[in-house]
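Let me begin by presenting the structure, written as structure tokens, before commenting on it.
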2 protein chains.
Amino acid sequence: MPCSPDPSPHDVAVELKLAVGQLVRRLRAQIGSGELTLSQLSAMARLESHGPMTTADLARAEAVKPQSMGAVLASLEPAGLVERRPHPTDGRQILFALTPLGVKERHRRSAAQQQWMETALSRLSRKELHTLAAATPLIKRLSGG
Amino acid sequence: MPCSPDPSPHDVAVELKLAVGQLVRRLRAQIGSGELTLSQLSAMARLESHGPMTTADLARAEAVKPQSMGAVLASLEPAGLVERRPHPTDGRQILFALTPLGVKERHRRSAAQQQWMETALSRLSRKELHTLAAATPLIKRLSGG
DNA sequence: TATTGTTATACTCTATAACTATA
DNA sequence: TATAGTTATAGAGTATAACAATA
């Protein structure tokens, strides 16, 4: 097997940036009526894996300002997908938690995106799918996750 | 070396979707005043590599509607980064081209993002950087590019 | 009639700034 | 005084719908 030269961090940065922007646009175009957006799904996924969190902590984790995260949570709360709970010791803080309905709807309301993505992945070879599976946690680590 | 089991397309789809959303938010948070956004950079990069394109073709390539691409181009034109040229045979169509100024400014006006991304990449091992370099064209292929 | 582009309007996601309540 | 959250406002990026010009 030939030994490929080390990739340049500069080139990887430029190309990866464009590639993820492109994929996000393509995913957004698949969102059907009544489905959840990427920002909503991301906040819900984090609440499910991490447990109840405050607006400020969620905002830090998602790399947005607390006011921006407040808007995302405000779009999920009336639908019953997340709920607020008082903080046990600090009256200023509010803990947001994914509801049982939220757990269920998170999957149901992202079916179109999910199906599109799985179809696109099915066109890759086994080896290529392995490469993407290995790259995914690295992309998360770049983002500080 | 142990042979890792085949990754599930379903799980890769879910995780990759969240990972790229996260990276896009993190990148957006690095954009300084006067710098170009991801959408602007993506359109400019495509015009540079592909040559002059119509609004409709650019929109298709970027997976947005023609009206949306029109807005992006309208943000670049007054700054002199792109220019319009008449289509040689079809009076309805307008070709947009990256200007020499656009070529130069594309790099200068994304320095903060670029530096953040290169710093983040520098924390990876050689092997991990190779994995990301190999994954980048696959991500582009998922998006149809 | 079909296609390209533009204009008008609206929604999501994000930001900054100013405010309220609690520590 | 400092911190958590909310409200008000704005800008970018997207969408749909209606329109004008050209093929």
Side-chain angles (χ1 to χ4, degrees), chain A residues 20-44 52-79 82 84-96 109 112-113, chain B residues 20-44 52-79 82 84-96 109 112-113:
Chain A
V20 299
Q22 190 68 31
L23 182 53
V24 163
R25 275 187 291 275
R26 196 66 68 170
L27 279 166
R28 194 182 289 139
Q30 307 305 322
I31 298 178
S33 149
E35 298 219 327
L36 296 162
T37 64
L38 276 178
S39 296
Q40 292 172 323
L41 287 172
S42 190
M44 290 172 75
M53 297 174 75
T54 65
T55 306
D57 284 342
L58 254 179
R60 242 186 308 274
E62 296 283 321
V64 298
K65 300 297 175 188
Q67 298 97 317
S68 304
M69 184 50 63
V72 173
L73 291 170
S75 74
L76 297 171
E77 195 180 12
V82 302
R84 54 180 74 204
R85 303 177 183 171
H87 192 283
T89 63
D90 188 336
R92 294 170 302 179
Q93 299 186 43
I94 296 171
L95 289 167
F96 282 86
R109 293 203 205 170
Q113 271 178 73
Chain B
V20 299
Q22 190 67 32
L23 182 54
V24 163
R25 274 187 291 276
R26 196 68 64 171
L27 278 166
R28 195 181 288 137
Q30 307 306 323
I31 298 178
S33 151
E35 297 219 328
L36 296 161
T37 65
L38 276 178
S39 297
Q40 293 172 324
L41 287 172
S42 190
M44 290 172 75
M53 296 174 76
T54 66
T55 306
D57 285 342
L58 254 181
R60 243 186 308 275
E62 296 282 320
V64 298
K65 300 297 175 189
Q67 298 96 318
S68 305
M69 184 50 64
V72 173
L73 292 170
S75 74
L76 296 171
E77 195 180 11
V82 301
R84 53 180 74 205
R85 303 175 182 174
H87 192 282
T89 64
D90 189 335
R92 294 170 303 180
Q93 300 186 42
I94 296 170
L95 289 167
F96 282 87
R109 295 203 205 169
Q113 272 177 73

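In this text the structure is predicted, and so the values were computed from the model without any measurement. Scope of the values below: all heavy atoms of this structure, side chains included, with no hydrogens, waters or symmetry mates. In what follows, chains carry the letters A, B, and so on, assigned in the order in which the sequence lines appear, proteins first and then strands, with residues in each chain numbered from 1.
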Heavy-atom nearest nucleotide on DNA chain C for B:T55 versus A:T37: which residue maps closer to 5'?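 Upstream on the strand: B:T55.
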Closest-nucleotide ordering on DNA chain C, the 5'-leading residue of B:R84 and A:L38: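 This one resolves to B:R84.
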Sequence neighbours excluded, which residues qualify as side-chain hydrogen bond (donor to acceptor under 3.5 Å, both in side chains) partners of A:R28?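 Applying side-chain hydrogen bond (donor to acceptor under 3.5 Å, both in side chains) to A:R28 gives none.
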Let me know the distance between [atom1] of [X] and [atom2] of [N], rounded to the nearest Å.
X     : N      : atom1 : atom2 : answer
A:L73 : D:dA4  : CG    : C1'   : 13 Å
A:L58 : D:dG5  : CG    : P     : 10 Å
A:D57 : D:dT3  : CG    : P     : 14 Å
B:L76 : D:dG13 : CG    : C1'   : 13 Å

How close do B:L95 and B:P86 get, heavy atom to heavy atom, and via which atoms?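 Heavy atoms of B:L95 and B:P86 come nearest at CD1-O, 4.3 Å.
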Which atoms form the tightest heavy-atom contact between A:A43 and A:V72, and what is the distance?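 Heavy atoms only, the tightest pair is CB-CG1, 4.3 Å.
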Which two nucleotides bound the region of DNA chain C that has atoms under 4.0 Å from heavy atoms of chain A, read 5' to 3'?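 So the contact region on DNA chain C extends C:dT12 to C:dA23.
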Identify whether any heavy atom of B:S75 sits under 4.0 Å from a base atom; if not, whether one sits that close to sugar-phosphate; answer base, sugar-phosphate or nothing.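 Nothing, no nucleic acid heavy atom in range.
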Classify every nucleotide of nucleotides 14-23 of chain D by which part a protein heavy atom approaches to under 4.0 Å, writing B for the base, S for the sugar-phosphate alone and - for neither, in 5'-to-3' order. BBBB----BS
Starting at CD of B:Q113, measure out to CG of B:L38 and round the result to the nearest 0.5 Å.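 Reported value, rounded in 0.5 Å steps: 5.0 Å.
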Distance in Å, A:L23 CG paired with A:R26 CZ, rounded so as to fall on 0.5 Å steps: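 The CG atom of A:L23 sits 9.5 Å away from the CZ atom of A:R26.
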Output all residues satisfying side chain to side chain contact (heavy atoms under 4.5 Å, CB included) with A:E35, sequence neighbours left out; order by chain, then residue number.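 A:I31, A:A111, A:A112.
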Write out all pairs satisfying salt bridge (Lys or Arg N to Asp or Glu O under 4.0 Å) with one or both partners inside residues 67-79 of chain A, taking only residues at least two apart or from two chains.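 Found A:E77-A:R84.
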Cut-off 3.5 Å, no hydrogens considered: what does the side-chain donor-acceptor table look like for residues 56-67 of chain B, sequence neighbours left out?
from: B:D57; atom 1: OD1; to: B:R60; atom 2: NH2; distance (Å): 2.7
from: B:D57; atom 1: OD2; to: B:T54; atom 2: OG1; distance (Å): 3.4
from: B:E62; atom 1: OE1; to: A:R25; atom 2: NE; distance (Å): 3.3
from: B:E62; atom 1: OE1; to: A:R25; atom 2: NH2; distance (Å): 2.9
from: B:E62; atom 1: OE1; to: B:S42; atom 2: OG; distance (Å): 2.7
from: B:E62; atom 1: OE2; to: B:S42; atom 2: OG; distance (Å): 3.2
from: B:E62; atom 1: OE2; to: B:R46; atom 2: NE; distance (Å): 2.6
from: B:E62; atom 1: OE2; to: B:R46; atom 2: NH2; distance (Å): 3.2

